[in-house]
**Student:** 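If you scroll down you'll find the structure; I have some questions about it.
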Amino acid sequence: MSKRLSSTRTANRPSLAREFELLSAGHTLVAGLDEAGRGALAGPVVAAAVILPLERFDLARVLEGVRDSKQLSALARQRWAVEVRRVARAVGIGESSAEEVDRIGLLPATRLAMQRALSALSSPPTYLLIDHLRLSDLDLPQDAITRGDQTVLSIAAASVIAKVARDRVMDELGFRYPGYGFKRHKGYGTSEHRRALARFGICPEHRRSYAPVRLVLNASLGSRSARRRVTVSPAQV
């Protein structure tokens, strides 16, 4: 059983309303899922699954600063990621590499990362709350909630965990591939990143199926092909 829910944009913080509905229906292990990095030109898609202790009476207060990761500063995300890990019953992280994104497509790769995050949980969930997507391959009841990272606390917690985990991966890739600025832009298509692509070409962590990367790759292949051509001048005939 699964259903797709819509939510309206709100300035209020994410709540535990949906989790408490599920708790009253007997679901004590509800996992929130979200991802980070779908729009980046380089690096993996990283997903997180978080099971919060819904029986804890002060849960909303303890996690009162948790929001959609895009609404938090890097410092705030790191702080709340630590708090989520301290409080959560279980946290799982999964990745899909740039190569997998190119080979199977972005949405399948995102779902694969989420399934890997679920597999990494120490306790298997009985219900899933997912930001926007549905994992139809899994025989688990689930809600696909539009803008769920803004309205559902379990999903917001997963959003923070996924973003912090991916930022760390991109920081490491910044050391491995200096010159691209991964530590600053995290693989997204900023002007700095595009200038680096034009100057250095692509690295193994770039997603070749994405148009800006594909253009650079095609230009590089075309230039290489042109250099290989042998031109015979009239004097040589």
Side-chain angles (χ1 to χ4, degrees), residues 1-36 38 45-72 76-77 79-94 107 110-165:
M1 168 188 176
S2 72
K3 55 184 176 179
R4 189 171 186 82
L5 304 179
S6 292
S7 61
T8 57
R9 192 177 296 273
T10 175
N12 295 331
R13 68 186 188 189
S15 77
L16 288 163
R18 183 57 183 146
E19 289 93 332
F20 286 156
E21 290 176 359
L22 294 170
L23 181 62
S24 67
H27 293 284
T28 58
L29 298 175
V30 177
L33 288 103
D34 202 4
E35 54 70 35
R38 283 175 61 183
V45 173
V46 176
V50 175
I51 299 178
L52 297 177
L54 301 180
E55 72 284 354
R56 183 166 170 168
F57 73 93
D58 63 344
L59 184 59
R61 180 184 61 78
V62 170
L63 298 180
E64 64 181 354
V66 173
R67 301 284 189 279
D68 168 13
S69 64
K70 296 183 291 296
Q71 298 177 355
L72 299 173
R77 285 195 298 265
R79 173 197 166 191
W80 287 109
V82 170
E83 194 66 10
V84 168
R85 286 183 174 277
R86 185 184 71 82
V87 170
R89 179 172 286 187
V91 172
I93 294 174
L107 285 180
T110 301
R111 291 187 173 98
L112 181 59
M114 287 183 171
Q115 290 175 12
R116 288 168 173 167
L118 288 170
S119 297
L121 290 171
S122 57
S123 301
T126 61
Y127 206 103
L128 308 179
L129 299 175
I130 312 173
D131 185 51
H132 195 67
L133 296 179
R134 197 165 55 85
L135 301 180
S136 54
D137 290 343
L138 297 183
D139 188 21
L140 275 174
Q142 55 192 267
D143 295 345
I145 304 176
T146 302
R147 292 190 291 273
D149 49 7
Q150 298 176 27
T151 58
V152 178
L153 186 57
S154 294
I155 299 177
S159 171
V160 170
I161 293 291
K163 175 61 174 168
V164 169

**Student:** Which heavy atom of Ala158 sits nearest a heavy atom of Gly32, and at what distance?
**Tutor:**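 For Ala158 versus Gly32, the nearest heavy atoms are CB-O, 3.4 Å.
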**Student:** My understanding is that only residues two or more places apart in sequence, or in another chain, count here; which of them pass salt bridge (charged side-chain N to carboxylate O under 4.0 Å, His left out) with Arg56?
**Tutor:**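 In terms of salt bridge (charged side-chain N to carboxylate O under 4.0 Å, His left out), with neighbours along the sequence ignored, Arg56 is linked to Asp58.
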**Student:** Would a 4.5 Å heavy-atom cut-off, applied to side chains only, mark Gln150 and Gln71 as touching?
**Tutor:**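 They are in contact (side-chain heavy atoms under 4.5 Å apart), so the answer is yes.
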**Student:** Side-chain contact, heavy-atom cut-off 4.5 Å: Leu135 with Met114?
**Tutor:**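 Answer yes - side chains close enough.
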**Student:** Do the side chain of Asp143 and the main chain of Ile145 share a donor and acceptor less than 3.5 angstrom apart?
**Tutor:**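 Such a contact is absent between Asp143 side chain and Ile145 backbone.
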**Student:** Distance from Ser159 atom OG to Lys70 atom NZ, nearest 0.5 Å?
**Tutor:**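 Ser159 atom OG to Lys70 atom NZ measures 5.5 Å (nearest 0.5 Å).
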**Student:** Within the 4.5 Å heavy-atom criterion, are Ile51 and Val30 side-chain neighbours or not?
**Tutor:**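 Side-chain contact under 4.5 Å: no.
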**Student:** Any non-hydrogen side-chain atom of Val46 less than 4.5 Å from a side-chain atom of Lys163?
**Tutor:**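 Answer no - side chains too far apart.
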**Student:** What pair of heavy atoms forms the shortest contact from Asp131 to Gly148, and how long is it?
**Tutor:**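 Smallest heavy-atom distance, with atoms named: OD1-N, 2.9 Å.
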**Student:** Compare all side-chain heavy atoms of Arg13 with those of Leu153 and state whether any distance is below 4.5 angstrom.
**Tutor:**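 They are not in contact (no side-chain heavy atoms under 4.5 Å apart), so the answer is no.
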**Student:** Can you tell if the side chain of Leu59 reaches within under 4.5 Å of the side chain of Pro53, non-hydrogen atoms only?
**Tutor:**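 A side-chain contact under 4.5 Å exists here.
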**Student:** Looking only at heavy atoms, which two atoms of Leu72 and Gly65 are closest? And how far apart?
**Tutor:**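 For Leu72 versus Gly65, the nearest heavy atoms are CD2-O, 3.8 Å.
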**Student:** Under a 4.5 Å cut-off applied to non-hydrogen side-chain atoms, are Leu52 and Leu63 in contact?
**Tutor:**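 SC-SC contact between Leu52 and Leu63 confirmed.
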**Student:** Mind listing the closest non-hydrogen atom pair of Trp80 and Val66 along with its distance?
**Tutor:**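 That would be CE3-CG2, 3.8 Å.
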**Student:** Measure the spacing between CG of Leu22 and CG of Leu54 and express it to the nearest 0.5 Å.
**Tutor:**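 Answer rounded to 0.5 Å: 8.5 Å.
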**Student:** To the nearest 0.5 Å, what is the distance between CG on Leu133 and CD on Gln142?
**Tutor:**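 Answer rounded to 0.5 Å: 10.0 Å.
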**Student:** Treating Asp149 as the side-chain partner and Ile155 as the backbone partner, does any N or O pair qualify as donor plus acceptor under 3.5 Å?
**Tutor:**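 No, because the side chain of Asp149 does not come within donor-acceptor range (under 3.5 Å) of the backbone of Ile155.
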**Student:** Looking at Arg147 and Asp68, is there a salt bridge between them, counting it only when a charged N and a carboxylate O are closer than 4.0 Å?
**Tutor:**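 Looking at Arg147 together with Asp68, the answer is no, because their closest N to O distance does not fall below 4.0 Å.
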**Student:** Give me the atom names and distance for the closest heavy-atom approach of Ala162 to Ala48.
**Tutor:**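 Ala162 and Ala48 have their closest heavy atoms at N-CB, 3.6 Å.
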**Student:** Would Glu19 and Val152 satisfy side chain to side chain contact (heavy atoms under 4.5 Å, CB included), going step by step from the backbone distance to the final call?
**Tutor:** CA-CA 8 Å; Glu19 289 93 332; Val152 178; 3.3 Å; yes
**Student:** Do side-chain atoms of Glu83 reach the backbone of Ala81 as a donor and acceptor pair under 3.5 angstrom?
**Tutor:**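 Checking the backbone N and O of Ala81 against the side chain of Glu83, no donor-acceptor pair under 3.5 Å is found.
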**Student:** Step by step, work out the salt bridge (charged side-chain N to carboxylate O under 4.0 Å, His left out) result for Arg18 and Glu21.
**Tutor:** CA-CA 5 Å; Arg18 183 57 183 146; Glu21 290 176 359; 2.7 Å; yes
**Student:** On a heavy-atom basis, which atom in Leu140 and which in Pro125 lie closest, and how many Å separate them?
**Tutor:**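 Looking at all heavy atoms of both residues, the closest pair is CD2-O, 3.6 Å.
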**Student:** Between Leu118 and Leu128, is a side chain to side chain contact (heavy atoms under 4.5 Å, CB included) present by the stated rule, with each step listed?
**Tutor:** CA-CA 10 Å; Leu118 288 170; Leu128 308 179; 3.7 Å; yes
**Student:** With rounding to the nearest 0.5 angstrom, report the OG to CG distance, Ser154 to Leu16.
**Tutor:**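 Going from the OG atom of Ser154 to the CG atom of Leu16 covers 6.5 Å.
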**Student:** Quick one: does any side-chain atom of Arg77 pair with a main-chain N or O of Ser69 as donor and acceptor, under 3.5 Å?
**Tutor:**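 Confirmed, Arg77 side chain pairs with Ser69 backbone.
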**Student:** To the nearest 0.5 Å, what is the distance between CD1 on Ile130 and CG on Asp34?
**Tutor:**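 Output value for this atom pair is 10.0 Å.
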**Student:** Hey, could you give me each pair passing side chain to side chain donor-acceptor pair (under 3.5 Å) that has a residue in residues 110-121? Not counting sequence neighbours.
**Tutor:**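 Residue pairs passing side chain to side chain donor-acceptor pair (under 3.5 Å), neighbours aside: Glu100-Arg116.
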**Student:** Between Val50 and Val84, is any pair of side-chain heavy atoms under 4.5 Å apart?
**Tutor:**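 SC-SC contact between Val50 and Val84 confirmed.
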